[in-house]
Undergrad: 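Structure incoming, see below.
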Amino acid sequence: MTQHSIFRTILTGVAFAALLAAGAVQAKELDPESIQPVPAAKVTHPAKVELGKKLFFDPRLSRSGFISCNSCHNLSMGGSDNIKTSIGDKWQKGPINSPTVLNSSLNLAQFWDGRAKDLREQAGGPIANPGEMAFTHDLAVDMLRSIPEYVAEFKKVFGNDKLSIDEVTLAIAAFEETLVTPDARFDQWLKGNKKALNAQELRGYQTFKNSGCVACHNGVNVGGNSFQKMGIVEPYQTDNPAEGRAGVTGKDADRFNFKVPTLRNVALTYPYFHDGAANTLSEAVDTMGRLQLGRRFTPNENADIVAFLKTLTGKQPQITLPILPPSSDQTKRPQPFE
């Protein structure tokens, strides 16, 4: 490795962004592969995916019998719910903005603070969270075991009669791994179709690179692969109590460090930031420029970047709504108002 390559490797994240913003590193030095196209999903176990899809849409995994995974990660709305913070059991206000489930398998970890290492670990969290689905893992498993069709399907998929929360989360994760969005117009451009983007979108991409946005928003998911501090140049003002990565590590140095959100399908996943404070892409771009890069984008620059970001909307998963197996007489009925 050359001295220059070592220098480039070390200058990641915030430091690299700061140098880019200051003009110390020229955009032409950036690898053309700073962003890579999203690969199509590869389904190796279709029966497990189909079971996971049913569980993803099944509201009986919640205490109320009303909230499913799809409630907060609506696959008709970019895999999010398009509200500032999600609504939980008994109309509780969620503590943080719901990130998109689309392309989430490409992230280095799950949740804004990265407390779940993968989709399987993430899938069990909301079920037992009293502010979300407000069930318990034991009650969720008991519910599934009371439904003969589910029992038979779990046995077919996993080859045993275990039916535990481990199998539940494995199936949900298998389904979520298929929720990728390839073939965005920007991906087409990356693959050589130079007519896929217009002049404004290309200007926006160049400004996105030259300003240093790619220091954090890079890779296949255009983000999701590092934790960064929210508010580098200026402090971020919010009444949201989320501590970010510090809530997981216990380190004060990690306070207000959040997983960099993916920009894939970002035109569909408003509002933005962990507190959902930015209602529009224009507002989000302006805030990021000032707080992260120390740069005030002109109205034209802002519009160009927004135009580029809209080219990151990929082909949405085509989901056939599953028909869920009916409850049996032994299935405990939901308690939505107790």
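In what follows, every heavy atom counts, from backbone to side chain, and hydrogens, waters and symmetry copies are set aside. This structure is a prediction, so every number in the text was calculated from the model and none was measured.
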Undergrad: Ignoring hydrogens, what is the shortest heavy-atom contact between Lys48 and Ala174? Give both atom names and the distance.
TA: CD-CB, 3.6 Å

Undergrad: In the structure I gave you, are the side-chain heavy atoms of Met230 and Met288 within less than 4.5 Å of one another anywhere?
TA: yes

Undergrad: For the side chain of Lys90 and the backbone of Glu338, is there at least one donor-acceptor N/O pair under 3.5 Å apart?
TA: yes

Undergrad: Classify the angle between the aromatic ring planes of Trp189 and Tyr205 as parallel (below 30°), tilted (30 to 60°) or perpendicular (above 60°).
TA: perpendicular

Undergrad: Closest approach of Tyr272 and Val266, non-hydrogen atoms and distance?
TA: OH-O, 2.6 Å

Undergrad: Of all residues at least two apart in sequence or in a different chain, which pass the side chain to side chain contact (heavy atoms under 4.5 Å, CB included) check with Pro37?
TA: Asp187, Leu190, Lys191

Undergrad: For Phe175, check ring-ring contact (aromatic ring centres under 6.0 Å, His included) against everything at least two apart and list the hits.
TA: Phe56

Undergrad: Among residues at least two apart in sequence or on other chains, which ones pass side chain to side chain donor-acceptor pair (under 3.5 Å) with Thr269?
TA: none

Undergrad: Starting at CD of Gln122, measure out to NZ of Lys117 and round the result to the nearest 0.5 Å.
TA: 14.0 Å

Undergrad: What closest approach, in Å, do Tyr270 and Asn279 show between heavy atoms, and which atom pair accounts for it?
TA: CB-O, 3.8 Å

Undergrad: Taking atom types as modelled, is there a side-chain donor on Asp275 or Thr238 under 3.5 Å from an acceptor on the other?
TA: yes

Undergrad: Any donor and acceptor pair, going by atom type alone, linking the side chain of Glu234 with main-chain N or O of Gly294 inside 3.5 Å?
TA: no

Undergrad: Please tell me if the side chains of Leu309 and Val285 come closer than 4.5 Å, counting only heavy atoms from C-beta onward.
TA: yes

Undergrad: Measuring from atom CG of Leu61 to atom OG of Ser68, what distance do you get when rounded to the nearest 0.5 angstrom?
TA: 8.5 Å

Undergrad: Contact between Leu324 and Arg60 at the side-chain level, heavy atoms closer than 4.5 Å - yes or no?
TA: yes

Undergrad: Do Asp118 and Arg120 sit within salt-bridge range, that is, some charged N less than 4.0 Å from a carboxylate O?
TA: no

Undergrad: For Asn221 and Asn107, test the side chains for any donor-to-acceptor distance below 3.5 angstrom and give the result as yes or no.
TA: yes

Undergrad: Same cluster for Leu291 and Phe227 if Ile/Leu/Val/Met/Phe/Trp/Tyr side chains link at under 4.5 Å?
TA: no

Undergrad: Within the distance-only criterion (no hydrogens, no angle test), does the side chain of Ser62 pair as donor or acceptor with the backbone N or O of Met133 below 3.5 angstrom?
TA: no

Undergrad: Do the side chains of Tyr150 and Lys54 get nearer than 4.5 Å, heavy atoms only?
TA: yes

Undergrad: Nearest 0.5 angstrom please: Glu176 CD to Leu75 CG, how far?
TA: 9.0 Å

Undergrad: Quick one: side chain to side chain donor-acceptor pair (under 3.5 Å) pairs with a partner in residues 309-325, sequence neighbours left out?
TA: Asn265-Gln316

Undergrad: Looking only at side-chain N and O atoms, does Thr181 offer a donor or acceptor that is under 3.5 Å from a partner on Asn103?
TA: yes

Undergrad: Answer yes when Lys156 and Glu153 have at least one side-chain N-carboxylate O distance shorter than 4.0 Å, and no when they do not.
TA: no

Undergrad: Is the shortest heavy-atom distance from the side chain of Arg203 to the side chain of Gln206 under 4.5 Å?
TA: no

Undergrad: Please enumerate all residues that pass ring-ring contact (aromatic ring centres under 6.0 Å, His included) together with Phe256, with sequence neighbours excluded.
TA: Phe258, His274

Undergrad: For Arg264 and Val220, which heavy atoms make the closest approach, and how far apart are they?
TA: NE-O, 2.9 Å

Undergrad: Could you please spell out the steps behind the side-chain contact (heavy atoms from CB on, under 4.5 Å) verdict for Val157 and His45?
TA: CA-CA 9 Å; Val157 169; His45 200 319; 4.1 Å; yes

Undergrad: Once salt bridge (Lys or Arg N to Asp or Glu O under 4.0 Å) is applied, what residue pairs with a partner in residues 247-258 remain, sequence neighbours excluded?
TA: Glu243-Arg255, Asp252-Arg255

Undergrad: I'd like to know whether Gln110 forms a side-chain contact (heavy atoms from CB on, under 4.5 Å) with Ser104, so could you lay out the CA-CA distance, the side-chain angles of the two residues, the decisive distance to 0.1 Å, and finally the verdict.
TA: CA-CA 7 Å; Gln110 304 302 318; Ser104 56; 3.7 Å; yes

Undergrad: How far does CG of Asn225 sit from NE2 of His217, to the nearest 0.5 angstrom?
TA: 10.0 Å

Undergrad: Taking Gln335 for its side chain and Gly65 for its backbone only, find out whether a donor-acceptor pair lies under 3.5 Å.
TA: no

Undergrad: Shortest non-hydrogen contact from Val180 to Ser105?
TA: CG1-OG, 4.2 Å

Undergrad: Would the distance check show the side chain of Asn218 and the main-chain N or O of Ala215 forming a donor-acceptor pair, the cut-off being under 3.5 Å?
TA: yes

Undergrad: In terms of hydrophobic clusters joined by side-chain contacts under 4.5 Å, are Ile127 and Ile87 together?
TA: no

Undergrad: In the structure I gave you, are the side-chain heavy atoms of Phe297 and Asp304 within less than 4.5 Å of one another anywhere?
TA: no

Undergrad: Indicate, with yes or no, if Leu119 and Leu102 share a hydrophobic cluster defined by side-chain heavy-atom contacts under 4.5 Å among Ile, Leu, Val, Met, Phe, Trp and Tyr.
TA: no

Undergrad: Indicate yes or no for a side-chain donor-acceptor contact from Ser328 to the backbone of Ser146 under 3.5 Å, with no hydrogens or angles considered.
TA: yes

Undergrad: If two hydrophobic side chains count as joined below 4.5 Å and joins carry through other members, does Phe273 share a cluster with Phe208?
TA: yes

Undergrad: Looking at CD of Glu167 and CG of Leu55, how far apart are the two atoms once the value is rounded to the nearest 0.5 Å?
TA: 11.0 Å

Undergrad: Rounded to the nearest 0.5 Å, how far does CD1 of Ile305 lie from OG of Ser282?
TA: 10.0 Å

Undergrad: Please tell me if the side chains of Leu144 and Val168 come closer than 4.5 Å, counting only heavy atoms from C-beta onward.
TA: yes

Undergrad: For a quick test of reading the model, state the closest non-hydrogen atom pair linking Val38 to Pro182 and the distance between them.
TA: O-CB, 3.5 Å

Undergrad: Is a side-chain donor or acceptor of Asn160 paired with a backbone partner of Phe158 at a separation under 3.5 angstrom?
TA: yes

Undergrad: Would you say Ser98 and His73 make side-chain contact, with heavy atoms under 4.5 Å?
TA: yes

Undergrad: Between Arg333 (side chain) and Thr331 (backbone), is there a donor-acceptor pair under 3.5 Å?
TA: yes

Undergrad: Honestly curious: do Val306 and Leu268 fall in one hydrophobic cluster under the side-chain, below-4.5 Å linking rule?
TA: no

